[in-house]
Amino acid sequence: MGLQERWDSTKLDIANICSDCGRDPEEVRIIAVSKTVDPPVIAEALACGMRDFGENRDKPFNEKRSAYPDANWHFIGHLQSNKAKQVVGRAHLIHSLDRPSLLLAIEKEAAKLDIIQDVLVEVSVSGEESKAGIAPDELDAFLEQVCMCAHVHCKGLMTMAPQGDLSVAQNTFEGLRNLANIMGKTYGERDNICMSELSMGMSEDYRVAIEEGATMVRIGRRIFSDNFKA
Ligand SMILES: *Cc1c(COP(=O)(O)O)cnc(C)c1O
């Protein structure tokens, strides 16, 4: 299978999952995670119909974004605070706001540019030490801090599930949706916070993520690798 076939089959699979669980496929945005491919592949991906790309390191993010500025470039990886200026104002959405120091760095850069940067707060739902993100019981206090940052707009939450066990992944995604519902009640009226986006699900677990309400799935290998077994 080539890139076009893998993209078409991914879209078709997602349309089928949506119809199985009574959702509109338009509600689920596919972020093509292009971190493993070289810039020329992006031209091919654009020709296939992809529009949203995810990168997890600032250098390739900028390299590909400046070559293909018309696509939507999502930043999905760990971001060092001193690299915030490489990403703020350039990312369509930063999915990985995971700590107070990064919040302040993003606010500072966005204020300098006089723009509003859209972000998602990454939550460590599973509570695994190894997973980046705000702990569920610290999310409320963290969002209070986001409220004070006038140049940051929080659109929702992001998480990564432990790999290998779909029932654990499902619990993780259900947990993120529940947190968004609770926080949506607290912050729904505030100007710079809404809880409309849930970025969750990757190549191996996007089905359960969509069933649990994902509005963005971040898919890499299933689209870009010719040896991924779905
Ligand atoms: C690499 C990556 C993905 C995509 O993973 P696949 O298993 O290749 O689909 C999604 N989200 C993040 C944060 C990643 O780093």
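- Annotation for Ile31 and Gly54: closest pair CG2-N, 3.6 Å, computed over non-hydrogen atoms.
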field: Residue pair Arg207, Asp20: steps toward the side chain to side chain contact (heavy atoms under 4.5 Å, CB included) verdict
entry: CA-CA 10 Å; Arg207 168 178 279 273; Asp20 289 348; 3.6 Å; yes
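- When all heavy atoms are compared, the tightest approach of Cys154 to Val146 is CB-CG1, 4.1 Å.
- Side-chain atoms of Thr215 do not come within 3.5 Å of backbone N or O of Glu27 as any donor-acceptor pair.
- In this structure a side-chain-to-backbone donor-acceptor pair under 3.5 Å is present from Glu5 to Gly2.
- Here the options are Val121, Asp118, Asn192, the test is side chain to side chain contact (heavy atoms under 4.5 Å, CB included), and the partner is Lys155; only Asp118 passes.
- A donor-acceptor distance shorter than 3.5 angstrom exists from the side chain of Ser203 to the backbone of Arg222, with no hydrogens or angles considered.
- The shortest side-chain heavy-atom distance between Asp205 and Met200 does not fall under the 4.5 Å cut-off.
- With contacts defined as side-chain heavy-atom distances shorter than 4.5 Å, the pair Gln163/Met202 qualifies.
- In this pair, Phe224 and Phe53 present their aromatic rings tilted. The plane angle is within the 30 to 60° band.
- Leu176 pairs in a side chain to side chain contact (heavy atoms under 4.5 Å, CB included) with only one of the listed residues (Asn171, Asn181, Leu157), which is Leu157.
- Residues Glu55 and Trp73 share a closest heavy-atom pair of CG-CZ3, 3.9 Å.
- With hydrogens and angles left out, the side-chain atoms of Ser96 and Glu122 include no donor and acceptor closer than 3.5 Å.
- Between Leu79 and Ala84, the closest heavy-atom pair is CD2-CA, 4.2 Å.
- Put simply, the side chain of Ser34 reaches to within 4.5 Å of the side chain of Ile42, judged on heavy atoms.
- Proximity of Asp140 to Tyr187: side-chain heavy atoms (C-beta onward) are separated by under 4.5 Å at one or more points.
- Between Pro69 and Ser66 the shortest heavy-atom distance is CD-O, 3.7 Å.
- The shortest distance between side-chain heavy atoms of Ile115 and Val88 falls below 4.5 Å.
- Using modelled atom types, one finds no donor on one side chain facing an acceptor on the other under 3.5 Å when comparing Glu174 with Asn178.
- Note that the NZ atom of Lys35 and the CZ atom of Arg218 stand 9.0 Å from one another [nearest 0.5 Å].
- Residues Ile30 and Lys11 come closest through the heavy atom pair CD1-CG, 3.8 Å.
- Arg90 places no side-chain N or O within 3.5 Å of a backbone atom of Arg65 that could act as its donor or acceptor partner.
- Between Val28 and Tyr206 there is no side-chain heavy-atom pair separated by less than 4.5 Å.
- Arg29 pairs in a side chain to side chain contact (heavy atoms under 4.5 Å, CB included) with only one of the listed residues (Ile14, Asp52, Val217), which is Asp52.
- At a threshold of 4.5 Å between non-hydrogen side-chain atoms, the residues Arg99 and His78 count as touching.
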